[in-house]
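I have placed the structure first, in the form of structure tokens, so that the comments after it can refer back to it.
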Number of protein chains: 2
Amino acid sequence: MESSLLDTAVAAASLYPAAARRRRAGSTASFLSCSSCSSRDCRVSASYSHSISRMLSGVRSAARKKLFRADPADLLGVANWPETGGGHQQHWWTALEHNFVLEATDDEYGGVVVDADRLPADKAAFARSLAASLSYWKSVGKKGVWLKLPVDLAEFVPLAVKEGFKYHHAEESYLMMTYWIPDEPNMLPANASHQVGVGGFVINDQMEVLVVQEKYHGSSLDGVWKLPTGFILASEEIYTGASREVKEETGVDTEFVDVVAFRHAHNVAFQKSDLFFICMLRPVSSEIKIDETEIQAAKWMPLEEFVKQPFIQEDHMFQKIMDICIQRLRKCYCGLTPHHVVSKFDDRTSTLYYNVAEPEDVNCSAA
Amino acid sequence: MESSLLDTAVAAASLYPAAARRRRAGSTASFLSCSSCSSRDCRVSASYSHSISRMLSGVRSAARKKLFRADPADLLGVANWPETGGGHQQHWWTALEHNFVLEATDDEYGGVVVDADRLPADKAAFARSLAASLSYWKSVGKKGVWLKLPVDLAEFVPLAVKEGFKYHHAEESYLMMTYWIPDEPNMLPANASHQVGVGGFVINDQMEVLVVQEKYHGSSLDGVWKLPTGFILASEEIYTGASREVKEETGVDTEFVDVVAFRHAHNVAFQKSDLFFICMLRPVSSEIKIDETEIQAAKWMPLEEFVKQPFIQEDHMFQKIMDICIQRLRKCYCGLTPHHVVSKFDDRTSTLYYNVAEPEDVNCSAA
């Protein structure tokens with residue numbers, strides 16, 4: 001079962017339960033159905049119907065474990081088919097096998113999460129099952145359907161698109177697709193919408209700021225000395241990412257002090273938004289060793305010289321950022337410091353950034 | 001050309017040029033190549049070689065406009081093929097037509113961005129072109145390849161996977177795939193990594209806080225009154241999203257005051273990270289009208305009663321958040337206020353959140 005998807009959804013839901021419309025882990029509802037029962041070939045006797053019921057019942061429990069991967073007779077745990085004539089037997093089994101509804105788990109929003117580990121092995125079986133499943137889910141009033149296709153099942157993608165599934169998001173190893181069944185606004189939650197970057201304002205006791213010139217940049221940054229910046233890595237903390245970027249680009253070790261400000265911009269890369277955190281860092285080393293794959297040069301530059309650069313003087317945003325950093329230096333400003341907090345609602349430790357100035361906080365004269 | 005992808009990459013690159021490894025708009029490099037020239041059937045005379053050179057030259061310029069959509073003779077602007085025998089003519093054209101390298105634009109990081117509007121119409125042609133293109137790009141030392149497949153070309157997805165492309169990200173209308181050619185660490189930038197949520201701390205002059213009970217929640221939130229929360233929408237500002245969520249859930253109009261704190265958590269939904277901004281809002285109306293699809297009930301609750309709820313008293317994180325909000329109320333705390341800034345480097349207006357307290361800021365006694 002795709003526990004990681006469901007577990008993380010449960011965790012998130014505790015914070016934004018209604019507005020998020022996240023999927024939550026619900027009761028498992030594995031089911032099988034035969035969609036051929038109305039066929040004229042399926043007229044069976046009462047005694048055979050009883051046999052079929054027993055067979056279906058056995059198949060339901062067994063199928064949770066090894067659906068599509070076992071020989072039908074093994075699945076049923078019987079050596080022989082009921083003695084009613086080979087034609088009916090094979091037809092019933094074909095009807096069952098070929099029309100199994102995909103293994104899936106209900107969520108608490110009336111939707112289903114298809115088990116990515118129990119998808120049929122071949123395209124034809126998948127296509128049939130998907131159609132049968134949608135038909136079934138529609139009939140029982142299900143809402144959202146989540147279908148996670150591993151990259152090695154890329155051939156199933158066009159089949160799902162043909163059935164009406166839409167792309168939701170993708171990672172290197174899978175493509176998540178969704179289907180919204182009811183005739184009402186789609187309430188499925190969106191995927192990540194922001195990239196997060198950090199910039200390090202590192203200043204030493206000589207009032208020199210650590211600056212870099214990058215190898216790859218637009219012409220507008222020719223000759224410009226800037227703060228080290230970069231994206232935080234997946235699941236990385238802002239306070240570690242900022243120090244890591246500075247270390248990678250310049251070789252200088254730093255301690256995180258606080259977030260002095262952040263910038264929010266939209267339609268940046270891949271039409272997503274961007275949050276950029278300007279961080280105050282305290283240097284704990286001074287020797288510079290640049291990353292030559294990215295950085296042209298790095299040095300300690302007098303603060304006054306740094307802010308006098310035209311690219312700062314002539315740019316509203318950069319000028320404002322530098323004003324804030326200088327206020328921060330003068331201790332006329334309190335940034336947001338990181339604090340580990342635990343919440344029993346999502347059973348995780350996270351980082352809360354705030355600036356209630358503690359009396360012992362020597363960085364903030366507002367205390 | 002896929003200008004939106006490139007333009008937004010240029011915009012972002014101005015802030016994180018090196019570390020981001022973003023794609024930038026570069027010079028157009030449309031090229032064609034015939035990968036069959038080493039075949040024993042392609043031995044041609046010097047005069048015919050000259051004809052072919054002229055033909056290739058003409059095709060290169062014409063093909064930028066209407067590759068794969070025009071009759072070969074029309075493309076060349078000639079009524080007849082050069083008179084050297086039908087076999088050679090047809091073979092050369094087949095070689096050219098069937099092995100065109102995909103239309104793409106170079107970026108400044110040594111990579112290419114395939115033109116999603118100029119992909120071949122059928123699977124076979126796409127498969128051949130993709131293989132020929134990769135072969136060509138490898139031979140000329142290209143690095144990253146970006147291939148954006150619209151959802152109506154879902155059938156091309158398994159073909160690209162088979163060729164070695166990986167999933168990068170997806171939106172409803174497309175799947176972005178990438179290929180990293182060189183034998184060195186993959187430097188292609190990642191997609192969005194965070195979802196962003198807001199919570200509104202709305203308190204009136206009677207020291208009553210606006211709270212809600214949600215319809216859909218985990219059992220741990222049974223009977224709990226909480227702040228209105230939710231995700232911001234695509235390209236929405238934090239300061240408008242907070243007011244919007246409060247309005248939608250309770251009907252109360254508010255003005256944004258500031259961000260008092262934010263929480264950073266990881267591995268939340270779809271294994272991505274989460275930034276949650278706790279926002280102070282000032283009510284400008286008092287009448288409550290709930291959104292019955294999400295909300296069970298809403299009311300103004302005395303602050304003291306709100307913080308005394310067990311779910312706050314017994315939870316480290318919620319307790320800390322309430323302490324901060326109360327400090328903010330007492331004006332012993334300065335939050336981050338939003339300010340519009342313009343930067344010429346990405347030619348956009350964005351929002352900078354900071355708390356340099358202005359003397360006239362009556363909300364912050366630290367001024």
Side-chain angles (χ1 to χ4, degrees), chain A residues 8-9 11-12 14 16-19 22 151 154-155 157-158 161 166-167 169-170 172 175 191-197 214-218 220 229-230 234-235 261-270 272 294 315-317 320 324 327 333 341-345 350-354 356 366, chain B residues 8-9 11-12 14 16-20 151 154-155 157-158 161 166-167 169-170 172 175 191-197 214-218 220 229-230 234-235 261-270 272 294 315-317 320 324 327 333 341-345 350-354 356 366:
Chain A
T8 54
S14 66
Y16 322 99
R22 278 201 186 81
V151 68
E155 290 194 317
V157 171
V161 168
K166 298 192 186 301
Y167 296 157
H169 74 275
E172 189 172 311
L175 170 63
N191 190 31
S193 54
H194 284 66
Q195 59 194 17
V196 172
E214 292 178 342
K215 259 190 177 155
Y216 305 102
H217 57 265
S220 57
T229 58
S235 299
F262 69 88
R263 179 216 192 198
H264 195 193
H266 303 291
N267 199 27
V268 179
F270 312 118
K272 295 293 176 83
E294 297 182 32
D315 190 272
H316 178 222
M317 185 184 77
K320 198 69 205 168
I324 294 164
Q327 288 282 341
Y333 186 98
V341 290
V342 180
S343 178
K344 63 179 186 178
F345 286 93
S350 52
T351 308
L352 193 63
Y353 290 80
Y354 60 90
V356 175
Chain B
T8 54
S14 66
Y16 322 100
V151 68
E155 290 194 318
V157 171
V161 169
K166 298 193 187 300
Y167 296 158
H169 73 274
E172 191 172 308
L175 170 62
N191 191 30
S193 54
H194 285 65
Q195 60 194 16
V196 172
E214 291 178 340
K215 260 196 175 146
Y216 305 102
H217 57 264
S220 57
T229 58
S235 298
F262 68 88
R263 180 218 191 194
H264 194 195
H266 303 290
N267 199 27
V268 179
F270 312 117
K272 295 293 176 81
E294 296 182 32
D315 189 272
H316 178 221
M317 184 183 77
K320 199 69 207 169
I324 295 165
Q327 288 282 340
Y333 186 97
V341 289
V342 181
S343 177
K344 63 180 185 176
F345 287 92
S350 52
T351 308
L352 193 64
Y353 289 78
Y354 60 90
V356 176

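Reminder, nothing fancy here: chain letters follow the sequence lines and each chain counts from 1. Just the heavy atoms: all of them, side chains too, but no hydrogens, waters or symmetry mates, feed the values below.
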message = Please check this pair: side chain of B/His316 against backbone of A/Val342, looking for a donor-acceptor N/O pair closer than 3.5 Å.
response = yes
key: Distance-minimising heavy-atom pair for B/Ser235 and A/Asn267   = OG-N, 4.5 Å
Distance, nearest 0.5 Å, that separates NE2 of B/His169 from CD of A/Glu172 = 14.5 Å
query = Looking only at heavy atoms, which two atoms of B/Val157 and A/Tyr167 are closest? And how far apart?
reply = CG2-OH, 4.0 Å
ask   = Please walk me through it: do A/Leu352 and B/Ile324 pass side-chain contact (heavy atoms from CB on, under 4.5 Å)?
value = CA-CA 11 Å; A/Leu352 193 63; B/Ile324 295 165; 3.9 Å; yes
request  = Please examine the side chains of A/Arg263 and B/Tyr353, heavy atoms only from C-beta on, and report whether any two atoms are closer than 4.5 Å.
outcome  = no
key: Minimum-distance pair of heavy atoms, taken over all atoms of B/Ala192 and A/Ser193   = CB-C, 3.8 Å
key: Side chain proximity check, A/Gln327 to B/Tyr354, heavy atoms < 4.5 angstrom   = no
message = Taking the side chain as everything from C-beta on, heavy atoms only, tell me whether A/Ser350 gets closer than 4.5 Å to B/Met317.
response = yes
inquiry  = Under 4.5 Å from any heavy atom of chain B, what part of A/Val151 do you find: side chain, backbone, both or neither?
reply    = both
pair B/Asn191-A/Lys272: side-chain heavy atoms closer than 4.5 Å = yes
